[in-house]
Amino acid sequence: VICGGCAYANHIRLREAKLEESCPFCRQPPPDTNADVNRNIMKRTEANDPAAICMMGFILCNEGDYQGAFDHYKKAAELVNSAEAH
């Protein structure tokens, strides 16, 4: 996860250099479709990224899968509090 200040600084850098919009984390162009967004979230979830796991919990909660959402939120919290997250 990148803090708001770093994301803003990246945005300013892109604008001043007249560069295409890119992710401040991986420097890739933003996804074009929801399928691409979901693919990226799944990729990061499989890599045990706590932010992506939390986002997956949010998605599952919105779909009505409250147990799945809880499991993802719990795993994200455990990773944030462990060395495995770093």
Side-chain angles (χ1 to χ4, degrees):
V1 177
I2 295 179
C3 76
C6 292
Y8 179 72
N10 184 63
H11 177 74
I12 297 299
R13 179 187 68 83
L14 293 172
R15 189 176 62 186
E16 288 177 352
K18 296 181 179 165
L19 299 172
E20 294 289 324
E21 191 67 32
S22 66
C23 172
F25 182 69
C26 67
R27 304 278 192 230
Q28 296 295 316
D32 292 325
T33 66
N34 285 341
D36 290 340
V37 171
N38 291 337
R39 189 176 313 109
N40 289 348
I41 292 171
M42 288 303 300
K43 182 178 174 183
R44 297 304 312 150
T45 298
E46 291 168 2
N48 280 334
D49 179 341
I53 294 169
C54 188
M55 177 62 74
M56 184 56 68
F58 179 77
I59 292 168
L60 292 172
C61 183
N62 284 340
E63 293 175 352
D65 182 0
Y66 302 116
Q67 184 59 51
F70 176 79
D71 292 341
H72 279 76
Y73 289 141
K74 181 179 174 188
K75 182 175 181 179
E78 289 169 350
L79 287 172
V80 168
N81 293 318
S82 75
E84 187 177 335
H86 301 285

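Predicted, not measured: the structure shown is a model, and the values here were computed from it.
Note: Ile41 CD1 to Asp49 CG = 10.5 Å, rounded to the nearest 0.5 Å. Interatomic distance, Phe58 CZ to Glu63 CD, rounded to the nearest 0.5 Å: 11.0 Å.
The heavy-atom pair separating Arg44 from Ala52 by the smallest distance is CB-CB, 3.4 Å. Closest heavy-atom contact between Cys54 and Ala76: N-CB, 4.0 Å.
Between Asp36 and Arg39 there is a salt bridge, since a side-chain N of the basic residue sits under 4.0 Å from a carboxylate O of the acidic one.
Tyr73 and Val80 end up in different hydrophobic clusters when Ile, Leu, Val, Met, Phe, Trp and Tyr side chains are linked at under 4.5 Å. Neither Met42 nor Ile53 shares a network with the other; the hydrophobic side chains, linked directly or stepwise wherever heavy atoms of I, L, V, M, F, W or Y lie under 4.5 Å apart, form separate groups for each. Hydrophobic clustering places Leu60 together with Met55 (ILVMFWY residues linked when any side-chain heavy atoms are closer than 4.5 Å, directly or through intermediates). Neither Met56 nor Phe70 shares a network with the other; the hydrophobic side chains, linked directly or stepwise wherever heavy atoms of I, L, V, M, F, W or Y lie under 4.5 Å apart, form separate groups for each.
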- Item | side chain to side chain contact (heavy atoms under 4.5 Å, CB included) assessment of Lys75 paired with Asp71 | CA-CA 6 Å; Lys75 182 175 181 179; Asp71 292 341; over 6 Å; no
Please tabulate, one pair per line, all N/O donor-acceptor pairs under 3.5 Å involving side-chain atoms of residues 3-18, not counting sequence neighbours.
residue : atom : partner : partner atom : Å
Asn10   : OD1  : Arg13   : NE           : 3.4
Asn10   : OD1  : Arg13   : NH2          : 2.9
Asn10   : OD1  : Arg27   : NH1          : 2.6

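Residue Asn62 qualifies as enclosed at atom CG: its count of foreign heavy atoms under 6.0 Å is above 12.
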